[in-house]
Amino acid sequence: MEIMLVIVLCCVVMSAYFSATETAFSTFNRIRMKNIAEKGNKRAELVLKLSENYDTLISTILIGNNIVNILASSLATLLFAMWIVGNEGLSTTLSTVVMTLIVLTFGEIVPKTLAKQFPEKFSMFSAPLINLLRIVLWPISIIFRGLQKFLSKIFKNDDDKGMTEEELISIIEEAEEDGGLDEEEGTLIKSAIEFNDMEVSEILTPRIDITAVRSDVSKEELAKVYAESGYSRIPIYESDLDNITGIVYYKDFFTECYHTDTPISEIVKPIIFVTKTQKINDLLKDLQEKQLHLAVVSDEYGSTAGIVTLEDIIEEIVGEIWDEHDEIVEEIKQISEKEYIVSGKANIDKLFDELDIELPEGEEESDAMTVNGWAMDILGKIAEEGDSFEALGLTVKVLKMEGRRIENLHILDTRVSEDDEADDDAAETEE
Ligand code: ATP
């Protein structure tokens, strides 16, 4: 009888082991485990090897767990029958109730909870034994693996396309929340991931802001343009901006041309043209290969839509870069909890990101890239100072115009936040 009791106890311990192993292997952090393995930890290596074959591992765990649970229940029924002689109904009921409580508490809930707290440590602890059991139980698990394969063929999942960009970004956000990554590291990684999808149209300096000169410009005039604009590269055009023919570099101009007889035309360097829909990662490679810093962006009619420089591209990864001579302009300025002053030039996606506005796919009100374009699309006309509209829970008012362009506008966020709702609910409950 004592031996049976010991076997039941061992079965409960093994049941706890299997449950904890299952939880540990399904929740451990692969990156952390890889780091440990790279430092030479053999058990971590074994954990990674086992988890690579997760289906076999789960079959082993399930088979092992069921064997020990069934064995424990059967032996317990026999034990109770020996203890309570002559009342089979009572002994069976008691053994079922007691064993269910014991297996549920000590064989499932407690070990799973503990393993979830220390998944890496527990998976390394349990790896050698589960590896041995995997080999021992191999003949049985092979039958279940066959069944699994058969079922997964019947219920094929075509949706599994590997990890999506959104999932990757969620992982990074989780790592930021857990403290594994700081905010700056997270932002940098997210920008690098999103970088691939961006098109030139989202980052170009628009035509209206281009500083360029006509090919018949005098040396004095060009020197003045460099001094006033502060730009190192000035595009040069025939007749109008739609016919840009090249670019004049500040250095070439002042070292080879300004104080010599060399005409400007001799120091004009070739320029490349790109479309608005070109991906910026391709353009970055192109500019690097051709050792260029600036490209002219053409629209669908072949007219000049703007220019884009290496700095514009790099800024999409590392954030705003201010040169020594740049005037620092904060395009989206929060002036109170729910109020913002926003430049018309600001990128509309950046504004929506900042305000946590997510537009469902296909429900964009406008194709505009800038806040200026978005506001005018909604107003349906060239804006005027004082014009206002409401959209997406925002009250927007045009503050200042610069010619036909909005210089800045005021945004009041009138959406009710979750915090506000919680406060309102709390107030209502108090009443
Ligand atoms: P560098 O820093 O090498 O001296 P830069 O200050 O002249 O160059 P970039 O740093 O390449 O210019 O670009 C800074 C910003 O100025 C970018 O947004 C770019 O689009 C814009 N820019 C550069 N050249 C011109 C230009 N000729 N006309 C209008 N905008 C320009």
Side-chain angles (χ1 to χ4, degrees), residues 191 195 198-217 219 221-238 240-258 264 267-276 278-299 303-332 343-350 369-373 402-403 405 407:
S191 310
F195 184 71
M198 292 193 84
E199 292 181 357
V200 165
S201 58
E202 296 171 63
I203 61 164
L204 58 76
T205 294
R207 178 190 175 108
I208 191 167
D209 289 330
I210 298 179
T211 300
V213 290
R214 260 171 74 124
S215 53
D216 56 5
V217 67
K219 290 184 184 178
E221 277 169 335
L222 185 51
K224 213 167 141 208
V225 170
Y226 279 119
E228 283 172 4
S229 69
Y231 293 128
S232 316
R233 299 165 197 89
I234 304 288
I236 196 154
Y237 58 84
E238 298 287 341
D240 63 32
L241 255 185
D242 293 325
N243 295 302
I244 295 180
T245 51
I247 190 161
V248 181
Y249 293 93
Y250 171 89
K251 236 197 208 155
D252 295 345
F253 176 68
F254 284 104
T255 54
E256 296 170 27
C257 176
Y258 190 41
I264 294 175
I267 57 158
V268 174
K269 293 280 180 332
I271 196 153
I272 58 165
F273 293 86
V274 293
T275 62
K276 283 164 94 175
Q278 171 136 16
K279 293 271 188 273
I280 62 173
N281 58 342
D282 291 335
L283 177 60
L284 176 63
K285 270 187 238 145
D286 228 25
L287 290 175
Q288 281 175 318
E289 273 164 22
K290 296 188 172 120
Q291 296 185 325
L292 290 171
H293 273 251
L294 188 149
V296 174
V297 186
S298 297
D299 67 15
S303 317
T304 299
I307 55 166
V308 60
T309 69
L310 263 190
E311 187 177 300
D312 294 320
I313 301 177
I314 307 288
E315 277 180 349
E316 291 312 312
I317 305 181
V318 298
E320 223 48 70
I321 300 171
W322 305 109
D323 284 356
E324 297 83 337
H325 53 256
D326 283 351
E327 185 195 333
I328 296 184
V329 200
E330 220 180 322
E331 289 190 334
I332 302 169
S343 158
K345 290 181 191 168
N347 183 294
I348 191 66
D349 292 334
K350 284 192 183 146
M369 293 292 160
T370 60
V371 170
N372 177 65
E402 183 191 8
R405 203 159 49 154
E407 187 171 320

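Order of listing sets the numbers, starting from 1, for every ligand and every atom in it.
A salt bridge links Glu316 with Lys350: the closest approach of a Lys/Arg side-chain nitrogen to an acidic carboxylate oxygen falls below 4.0 angstrom. A salt bridge is defined here as a Lys NZ or Arg NE, NH1 or NH2 lying under 4.0 Å from an Asp or Glu carboxylate O, and Asp242 with Arg207 meets this definition.
Heavy-atom contacts of Ile210 reach the following atoms of ligand 1: 28 (N), 29 (C) (cutoff under 4.0 Å).
At least one heavy atom of Pro235 sits less than 4.0 Å from an atom of ligand 1. Ligand 1 has Arg233 within reach: a non-hydrogen atom of the residue lies less than 4.0 Å from it.
For the residues Ser229, Gly230, Ser232, the heavy atom positioned nearest atom 1 (P) of ligand 1 is part of Ser232.
The 12-atom threshold is exceeded at NZ of Lys269, counting heavy atoms of other residues, nucleotides or ligands nearer than 6.0 Å.
Considering Val297, Val308, Leu283 in turn, Val308 is the only one that fulfils the side-chain contact (heavy atoms from CB on, under 4.5 Å) rule with Ile203. The only option from Ile210, Asp209, Val200 that meets the side-chain contact (heavy atoms from CB on, under 4.5 Å) definition with Ile307 turns out to be Ile210.
Between His293 and ligand 1, no pair of N/O atoms sits closer than 3.5 Å.
Residue-level proximity to ligand 1 for Thr205 is carried by the side chain, the only part with a heavy atom below 4.0 angstrom. When non-hydrogen atoms are compared, ligand 1 lies under 4.0 Å from neither the backbone nor the side chain of Leu310.
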- Show your reasoning for whether salt bridge (charged side-chain N to carboxylate O under 4.0 Å, His left out) applies to Arg214 and Glu238. CA-CA 6 Å; Arg214 260 171 74 124; Glu238 298 287 341; over 6 Å; no
